[in-house]
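None of these values were measured; they are calculated from a predicted model. Per chain, numbering begins at 1; letters A, B, ... match sequence-line order.
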Amino acid sequence: MTIEKQITEKFCKAIETLYSQAIDINTVQISKTRKDIRGDFTINVFPYLKISRKSPEQTAIEIGKQLTDSLPEIDSFDVIKGFLNLVLSDSFWVQQLNNKNEPIPSRKNALIEFSSPNTNKPLHLGHIRNNLIGHSISEILKANGQTVTKVNLVNDRGIHICKSMLAWQKWGNGESPETSGMKGDHLVGKHYVEFDKKSKANVAYLFNLFKEYKKLPASFTKEQIAAQIGMFETAERISNELNYPTVKRIINSLKIIQSKQINTNQEIDFIEQVVSALIESPLYSAQEMLLKWEEGDKDIINLWNKMNGWVYEGFDITYKELGISFDKTYYESQTYGLGKDEVLKGVTAGALIKKEDNSVWADLTDEGLDEKLLLRSDGTSVYMTQDIGTAIMRKNEFNADEMIYVVGNEQNYHFQVFRLVLKKLGYEWYDKIFHLSYGMVELPEGKMKSREGTVVDADDLIEEMYATAKSISQELGKLEGHSESEIQKTIKMVGMGALKYFILKVDPKKNMVFNPKESIDFDGNTGPFIQYTHARICSIIRKAKEAGIVIPGKADDKTTITETEKSLLKIISDFDNIVVEAGEELNPAIIANYVYALVKEYNLFYHNLPILKESDKTKQDFRLLLSFVASEKIKYSMHLLGIEVPERM
RNA sequence: GGUUCCGUAGCUCAGUUGGAUAGAGCAACAGCCUUCUAAGCUGUGGGUCGAGCGUUCGAAUCGCUCCGGAAUCACCA
């Protein structure tokens, strides 16, 4: 039982003894005493004045006396206004070092989905945040004793993949990662950008054609003019709205006009130019390609397999650098048909609505939302349908007590609807689905946009972190006398530590800003600072061993301690609470803030008090043990964040 | 326009089940290496916690109204 719990229990008893009234233990608010005031724990007695019918001071003093008598750990107390500040004995704090933190037993079984990339372009900073949060949450839940299954759902199909494929086919000259020297995901991403460029050029060309056409004398009938107007309307919006249905519509109306054979030669010329430009347009071709993919066209499937393979090779490298892994990877090409049967069952059961055009909808108006499409009129699935299918499949496969989806906050609405649809379909575990909604990583100017080339590429950023770590280490002369492989290892640890900590110290649900012009710090509240403190402690422990000093296995509770040591002990003893809190809140930032506070406090201790140079053997032993336990907490906390710590740096 | 989220120091962020004088880091300035790693430590300056009203012993925290920003509201995923 934690000391807080013990104190609150005795507090309730004291109230009952003094004022003969029982209170609920959960209403007692106990907190750590402010640093500038004497005391370790504080209870505010304001809420109990109605019961005591005495002044705040009087009440606090009476309760304080009772508590001091009933708990040997409490040495003394102070009362300031209505605040009862309890002072615990030094020996209590010293013995905190002897507590072995065991994972809290739990039978919960959590499933967590994260990463979930598209296979048409490389990973960027947003993905990094997703991956780091997912990995860290997994570790935190494990530390809370839960069984965790990490899954990835790769979006490997759809129009965006076809865009890259088409561009590669048309303008790629058969290049591969081997011949181009590019990482597979980057190569595919390059073609995705190429597609966009070519598509824009095509639209601009069409737009000009229409503009020229407007200058021609018209020779159409009334109906044909009406068709023309529709065409021009489309033309005006063509630059941002060109899509497959539009393209098809224009082609059809042009062909009708052409078939009337009343046009001038110039007009026939125009129509032919537009039609061929449209049919040749990248967008039209990509859509045709998607249709072929869905029909199972052999060549297209082969190309798709080849290019996705490149992307996976690239992703694997990035995942490995980031230290991310999964227990299972799902591919959307295998799951996108799922959910359809469930939806149809829902129709039969009357939970869902089928409209005249055969499309299927969930009516969520009674939940304050709109109707939501689940099956298109042609019977095909949409995103929501797939999610329903995979959720049911996973529930059957893993029977998780909790299904966590690490997905950006732009999909908050989707998940709201998702849960409600599952509820409507009668799956009572709908409330076990938790959308861990994380905020966007933004640039100082706003959102990252791939079209404007402002996306921060994951691999580039990682390389940059390594380079910075290297130059800083060299400047500080930290790497002298180390082997080349050790240097490489340390640089990677530190660079990656800076990046990961930078991201994870921010509350996941908040949007955060990354400024590419200012490199990520290595001083202050940063990963390297924490790693550095760990290295410092390791150095002391090394030196102790060299001097033949053995770190005691247990703290001697007769050791006298200073305020600095006590502060450090307090933070160390808070560790278990923090792990539980981070698990409940699904928030790695709680761990990050904790370990920073711990390290800061340790540095104060390190600076103020001698350790190996302490002549009093009892004190030396205690400080060595304190240092050792601190280093273990640091290492473990950082492990929960997915960050490694070096023994020297 | 509807819904949801956000607004704390010049910048990046803590602090929010209501508690004492709102905290860190960066940046700026001033100190500390013959002493266990100076990626460290100490100090100075920097705030209308977006604004107003309310709830109460007490509000950055809760409620209402504004102001500013973001996301979302597809037979896209």
- Look at the side chain of A/S473 against the base of B/A39 and say whether a donor-acceptor pair falls under 3.5 Å; ignore hydrogens and angles. yes
Pairing partner of B/G68, by Watson-Crick or G-U wobble and under 3.5 Å for both distances, is B/C6
By the Watson-Crick or G-U definition, both distances under 3.5 Å, B/G23 is matched with B/C13
Next on the checklist: Would A/K372 pass as a cation-pi partner of A/W361, given that its NZ or CZ must be under 6.0 Å from the six-membered ring centre and within 45 degrees of the axis?
Outcome noted: no
Please determine whether a side-chain nitrogen or oxygen atom of A/K509 lies at a distance below 4.0 Å from atom OP1 or OP2 of B/C6. no
Looking only at B/C36, B/U42, B/U35, the nucleotide nearest the A/Y606 side chain is B/C36
* Asked: Quick one: is B/A20 close enough that its OP1 or OP2 comes under 4.0 Å of any side-chain N or O from A/R38?
  -> no
Give me the distance, rounded to whole Å, that separates B/C33 from B/C41 when you measure between the C1' atoms they each carry.
11 Å
Across every strand shown, the nucleotide meeting Watson-Crick or G-U wobble geometry with B/C53 (both distances under 3.5 Å) is B/G63
Base, sugar-phosphate, or nothing: which does A/F46 touch, judged by heavy atoms less than 4.0 Å apart? base
Against the side chain of A/D357, the closest entry in B/C41, B/C75, B/A77 is B/C75
Does A/K372 place a side-chain N or O at less than 4.0 Å from the phosphate oxygens OP1/OP2 of B/C73? no
Is A/N409 touching bases, backbone alone, or none of the nucleic acid, heavy atoms closer than 4.0 Å?
sugar-phosphate
Quiz item: How far, in whole Å, is B/C49 from B/A9 if one measures between their C1' atoms?
Solution: 10 Å
Of the listed B/A77, B/U12, B/U37, the closest approach to the A/R376 side chain comes from B/A77
For A/Y336, is the NZ or CZ atom of A/R157 found under 6.0 angstrom from the centre of its six-membered ring and inside 45 degrees of the ring axis?
-> yes
As its Watson-Crick or G-U partner within any shown strand, both distances under 3.5 Å, B/G18 has none
Once hydrogens and angles are ignored, does a donor-acceptor distance under 3.5 Å link the base of B/A20 to the side chain of A/N85?
yes
If pairing means Watson-Crick or G-U wobble with both distances under 3.5 Å, then the partner of B/A30 is B/U42
Q: Indicate whether A/F83 forms a stack on B/A20; treat it as stacked only if centroid distance is below 5.5 angstrom and interplanar angle below 30 degrees.
A: yes
Of the candidates B/C41, B/A14, B/U37, the side chain of A/K510 sits closest to B/A14
(Q) With a cut-off of less than 4.0 Å, is there a side-chain N or O of A/Y532 near OP1 or OP2 of B/A39? (A) yes
Between A/W361 and A/T42, the residue closer to the 5' end of RNA chain B by nearest nucleotide is A/T42
Among the nucleotides B/G40, B/A39, B/U21, whichever has the atom closest to the side chain of A/K478 is B/A39
With the side chain defined as heavy atoms from C-beta on, A/K81 is closest, among B/G19, B/A20, B/A77, to B/A20
request  = Evaluate the side chain to side chain contact (heavy atoms under 4.5 Å, CB included) criterion for residues A/E371 and A/L364: first the C-alpha distance (whole Å), next the side-chain angles of each, then the deciding distance (0.1 Å), finally the verdict.
outcome  = CA-CA 5 Å; A/E371 293 185 334; A/L364 302 173; over 6 Å; no
hbond_proxy A/S377 side chain to B/C75 base (donor-acceptor, 3.5 Å cutoff):
yes
| request: Compute the centroid of each ring, for A/F41 and then for A/F11, and state whether the two points are separated by less than 6.0 Å. | output: no
Would you tell me if any nitrogen or oxygen in the side chain of A/K543 comes within less than 4.0 Å of OP1 or OP2 on B/U37?
-> yes
Just checking A/Y602 against A/F605, ring centres under 6.0 Å apart? yes
Of the candidates B/C36, B/A39, B/C41, the side chain of A/I611 sits closest to B/C36
Would you measure the distance from the C1' atom in B/U56 across to the matching atom in B/G23 and give it in whole Å? 26 Å
